[in-house]
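What you see is a predicted model, and the numbers here were worked out from it, not measured in a lab. These numbers come from the heavy atoms of this one structure, side chains and all, not from hydrogens, waters or symmetry mates.
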Amino acid sequence: MMIKFGEPRRLGVPAPEARLRFEAEQRETGGGPGRRLLVVDGEPFFELSFWCGTCAFLFRRLETARQTLSLESVQERLTGAPADPDDGGVIDAFGALLPEGEYLPVRPAPEPAPKTTPAGQPQRTLEMAN
């Protein structure tokens with residue numbers, strides 16, 4: 001997967017007004033890091049994986065997440081893949097949901113899924129150089 005980075009930028013609203021925020025659960029001393037959560041309107045919504053930069057960044061929706069969050073103002077602009085994350089003010093629209101801070105816009109460029117054999121194993125290919 002190829003990842004395109006924008007320039008870091010200041011986004012967000014004062015923390016008490018932000019609809020989205022990221023939190024980490026506290027564990028007992030020496031217990032390692034707790035779950036990382038995306039919180040919507042004060043309720044834990046998604047558990048976030050730890051991202052190393054080489055693995056897929058994963059969200060797992062929590063069973064307690066009962067609402068949806070949709071921005072009608074950008075919905076139509078997101079039906080296609082914008083060439084640039086800044087196209088149509090998408091970053092600013094979603095940035096208005098976040099607590100004020102410095103953010104790095106990131107846009108993964110999806111790659112086709114690897115072909116698999118009937119047994120579900122990845123198909124190996126051999127490329128030969130001339």
>> Count I, L, V, M, F, W, Y as connected when their side-chain heavy atoms are under 4.5 Å apart, and connections chain through other members. Are F45 and L62 then in the same cluster?
In response: no
> If we only count heavy atoms from C-beta on, is the V39 to F22 side-chain gap below 4.5 Å?
Replying inline: no
Enumerate, atom names and distances included, each donor-acceptor pair closer than 3.5 Å involving a side-chain atom of residues 99-106, sequence neighbours excluded.
residue	atom	partner	partner atom	Å
Y103	OH	P99	O	2.7

> Any chain of hydrophobic side-chain contacts (each under 4.5 Å) joining I91 to V13?
Replying inline: no
>> Under 4.5 Å between side-chain heavy atoms, counting indirect links through other Ile/Leu/Val/Met/Phe/Trp/Tyr residues: same cluster for L37 and L97 or not?
In response: no
> Going from CD on E47 to CG on L38, what distance comes out if it is rounded to the nearest 0.5 angstrom?
Replying inline: 11.5 Å
> Hey, are R9 and E7 close enough for a salt bridge, meaning a charged N less than 4.0 Å from a carboxylate O?
Replying inline: no
>> Using only atom types and a distance under 3.5 Å, with no angle test, would you say the side chain of R21 pairs donor to acceptor with the backbone of V40?
In response: no
> How many angstroms lie between atom CG of L20 and atom CZ of F94, to the nearest 0.5 angstrom?
Replying inline: 9.0 Å
